[in-house]
Amino acid sequence: MTENRPVRVRFAPSPTGKLHIGGARTALFNWAFARRHGGVFILRIEDTDTERNSQESLDSILSAMRWLGLDWDEGPGVGGDFGPYAQSERMPLYDAAIQKGLTEGWLYRCFCTPERVNALKEEQRNRKENPRYDRACLGLPDAECAKRLEVGEPHVIRFAVPDSETAEIQDHIRGQVTVQSVEVEDWVVVRSNGMPTYNFCCVIDDAQMQISHVVRGEEHLANTPKQVLLYRALGLPQPDYAHVPLILGQDGKKLSKRTGDTALQDYRDKGYPAEAMLNFLGLLGFSIDDETTVFSADEMVAAFDLKRINKSGAIFDTDKLHWLCGDTIRRMTDTDLLERLRPWLNTAVCDKDGGWLLQLAACFRERLTLFGDVSEMSAHLFCECVEPDEKAAKALSADGVADTLSGVADLLAGVESWPPPEFFALVKGWAAEHELGVGKVMKPVRAALTGSLGGPELGDVLALLGKDCSLARLRQAR
RNA sequence: GGCCCCGUCGUCUAGUCUGGCCUAGGACACCAGGUUUUCAUCCUGGCAACAGGGGUUCAAAUCCCCUCGGGGUCACCA
């Protein structure tokens, strides 16, 4: 674990779906680690499952990573000296290793049908034994093997797991993890269709790409012994590992679609600020110190250390995520916020000038949790007539409201400049004159103007609505 | 079930390696006040945890053992 190799880490998604929250965090940790140490962050596509791969998935993964701001130094679109970066294009590399293994005897051909193996394992389970391939083909005579090969009998290639060795995993998060080789079965290295499997490609690639640290999810810890044994058979040095804890759903189990959105993209599409998402992901299993909860990508990089990653799983807590989103928005300048809000605004904003838009951004800022919220929140500014919600309707139907509204309308009609300066004082005065509490006036006015009982200060609403529209709404609402 | 990993407030976590500064800190959520023309923001305060049991030690959240609990994994998926 004493490292002097240059830091080279990779994130290796398989293009069989969108980028999962857990995967995004793994990518973030890898990225932060590389950036912290001036190392190289590699993106490698693990597309050995030809059945389930799709270009669409690949595209969405790349775009989700860009959205988070995780740029890679080698990989799709940028190249690099250790490519190709898609496993499907690396067959020559795998073939060479397979030949070596076959020659040296740590790989062997297995002609057992899937049916036989399944039945075998089923039987073992019934006997309460651990299901495991029985190595029926391990000692197959060369002659027989060649003969069956010649007639084209389908087969896989398995790894001959050594009998009594110990696989030691040096893990920066968990310390040394030890597994006896008897616990590992003779796993399939090459499928019957000729395509090698994950555990094999992963090792060949990590070695060839000179990966120094394998930072990945804890679900991979269980098959790391297979990889460690393979490195040994190959005579290659193993990388350091860091198995990061799982992200859990509300049920305490590995986060899955049951619990909510698990694709990073879904969050982007709902208007979550990317920097809040990154901050939140960084808070799951990692911490800068005993009190920092809000931090930027740069701050995370500056403080990143594998030793500061937890061992235990973390529940995906949307309350905190939402708070972080609101906090991110609140700390933005009007100009920045407006730019981020633009995609969510009603197309009617085209008619509006810059000052108007800035005011809109400013007065909704502290009320927003997501950029996407602005759409619904500001809808009343763009529609022809307001549809009062339940509470607003109630406020509008109270006794004397009609008089109040027309009174305020008349009052405002008489104002020269717009928005009315000292609007609040004006209303206060008018309310006093008519022996009404300020609230008695403000509430129905707000209901008439916006259709709800909440929102920005009425002075801002008046400004955004304009004089004609404001007066029309007051007169129309009775 | 086998193997492996993990176990501090409801949640995210600091503290654990290198025992004492921990009467266990921060944040979210929640509750109570305050500011405020509404909502929201903001401010103040409160609630709330070392899974349990044994050791070791002058001293244990921190070291050791056991128990219990949770999770991951047991594919020709990654």
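By convention in this document, chain letters (A, B, ...) are assigned in the order of the sequence lines, proteins followed by strands, and residues within each chain are numbered from 1.
- For A:Lys226 and B:rC74, the shortest distance from a side-chain N or O to OP1 or OP2 is not below 4.0 Å.
- Using a 4.0 Å heavy-atom criterion, one finds that A:Gly252 contacts the sugar-phosphate atoms exclusively.
- In this structure, A:Gly459 reaches neither bases nor backbone, as no heavy-atom distance under 4.0 Å exists between it and the strands shown.
- Residue contacts shown for A:Val177 are limited to sugar-phosphate atoms, with no base heavy atom under 4.0 Å away.
- Ion pair A:Asp334/A:Arg365 flagged as a salt bridge, since at least one NZ, NE, NH1 or NH2 atom sits closer than 4.0 Å to an Asp/Glu carboxylate oxygen.
- Using a 4.0 Å heavy-atom cutoff across all strands shown, A:Arg365 reaches no nucleic acid atom at all.
- At a threshold of 4.0 angstrom between heavy atoms, the contacts of A:Arg446 include nucleobase atoms, whether or not backbone atoms are also involved.
- In this structure, A:Lys428 reaches neither bases nor backbone, as no heavy-atom distance under 4.0 Å exists between it and the strands shown.
- Heavy atoms of A:Arg308 sit under 4.0 angstrom from primed sugar atoms or phosphate atoms, though from no base atom.
- In this model, the phosphate group of B:rC76 is not approached by any side-chain N or O of A:Thr197 to a distance below 4.0 Å at OP1 or OP2.
- Within 4.0 Å (heavy atoms only), A:His322 reaches no atom of the nucleic acid at all.
- In this structure, A:Asn130 reaches the bases: a heavy-atom distance under 4.0 Å links it to at least one base atom across the strands shown.
- In this structure, B:rU37 makes no Watson-Crick or G-U wobble pair, since no nucleotide meets both defining distances under 3.5 angstrom.
- Among the protein residues, A:Glu366 comes within range of the nucleic acid bases, having at least one heavy atom under 4.0 Å from a base atom.
- The side chain of A:Lys253 has B:rG71 as its nearest neighbour among B:rC3, B:rC28, B:rG71.
- If you check B:rU23 for Watson-Crick or wobble pairing at under 3.5 angstrom, you find it has no partner at all.
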For a ring pair (Phe, Tyr, Trp, His ring centres under 6.0 Å) check, start with the C-alpha distance between A:Phe41 and A:Trp72, then their side-chain angles and the critical distance, and finish with the verdict. CA-CA 5 Å; A:Phe41 176 51; A:Trp72 51 99; 7.6 Å; no

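- Among the heavy atoms of the strands, none lies under 4.0 Å from A:Pro225.
- Under a 4.0 Å N-O distance rule, the pair A:Arg216/A:Asp240 does not qualify as a salt bridge.
- Taking every side-chain heavy atom of A:Val179 into account, B:rC4 is the closest of B:rC4, B:rG1, B:rU8.
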Any chance you could lay out the ring pair (Phe, Tyr, Trp, His ring centres under 6.0 Å) test for A:Phe316 and A:Phe280, step after step, and finish with the verdict?
CA-CA 9 Å; A:Phe316 190 83; A:Phe280 180 66; 5.2 Å; yes

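- Pairing partner, B:rC47: none, since no Watson-Crick or wobble contact has both distances short of 3.5 Å.
- At the phosphate of B:rA75, neither OP1 nor OP2 sits under 4.0 Å from any side-chain N or O atom of A:Arg158.
- Considering only side-chain N and O atoms, A:Arg331 lies nowhere under 4.0 angstrom from the phosphate OP1 or OP2 of B:rC42.
- A:Lys121 and A:Glu185 are joined by a salt bridge, as a carboxylate oxygen and a charged side-chain nitrogen come within less than 4.0 angstrom of each other.
- Regarding contacts with the backbone of B:rA14, a side-chain N or O of A:Asn310 is found under 4.0 angstrom from either OP1 or OP2.
- Within the nucleic acid shown, A:Glu457 comes within 4.0 Å of at least one base atom, counting heavy atoms only.
- Base pairing of B:rG1: its partner is B:rC74, meeting the Watson-Crick or G-U wobble criterion (both donor-acceptor distances under 3.5 Å).
- A salt bridge does not link A:Arg308 to A:Asp305: none of the charged nitrogens lies less than 4.0 Å from a carboxylate oxygen.
- In this structure, A:Lys307 places its NZ atom 12 Å from P of B:rU16, rounding to the nearest Å.
- At a cut-off of 3.5 angstrom, counting only N and O atoms as typed in the model, there is no donor on one side facing an acceptor on the other between the side-chain of A:Lys311 and the base of B:rC5.
- You won't find any donor-acceptor pair under 3.5 Å spanning the side chain of A:Arg330 and the base of B:rU41, going by distance alone.
- Look at B:rU18: it lacks any Watson-Crick or wobble partner with both distances under 3.5 angstrom.
- Within the nucleic acid shown, A:Leu453 comes within 4.0 Å of at least one base atom, counting heavy atoms only.
- Within the 4.0 angstrom heavy-atom criterion, only backbone atoms of the sugar-phosphate kind lie near A:Ser14; the bases stay farther away.
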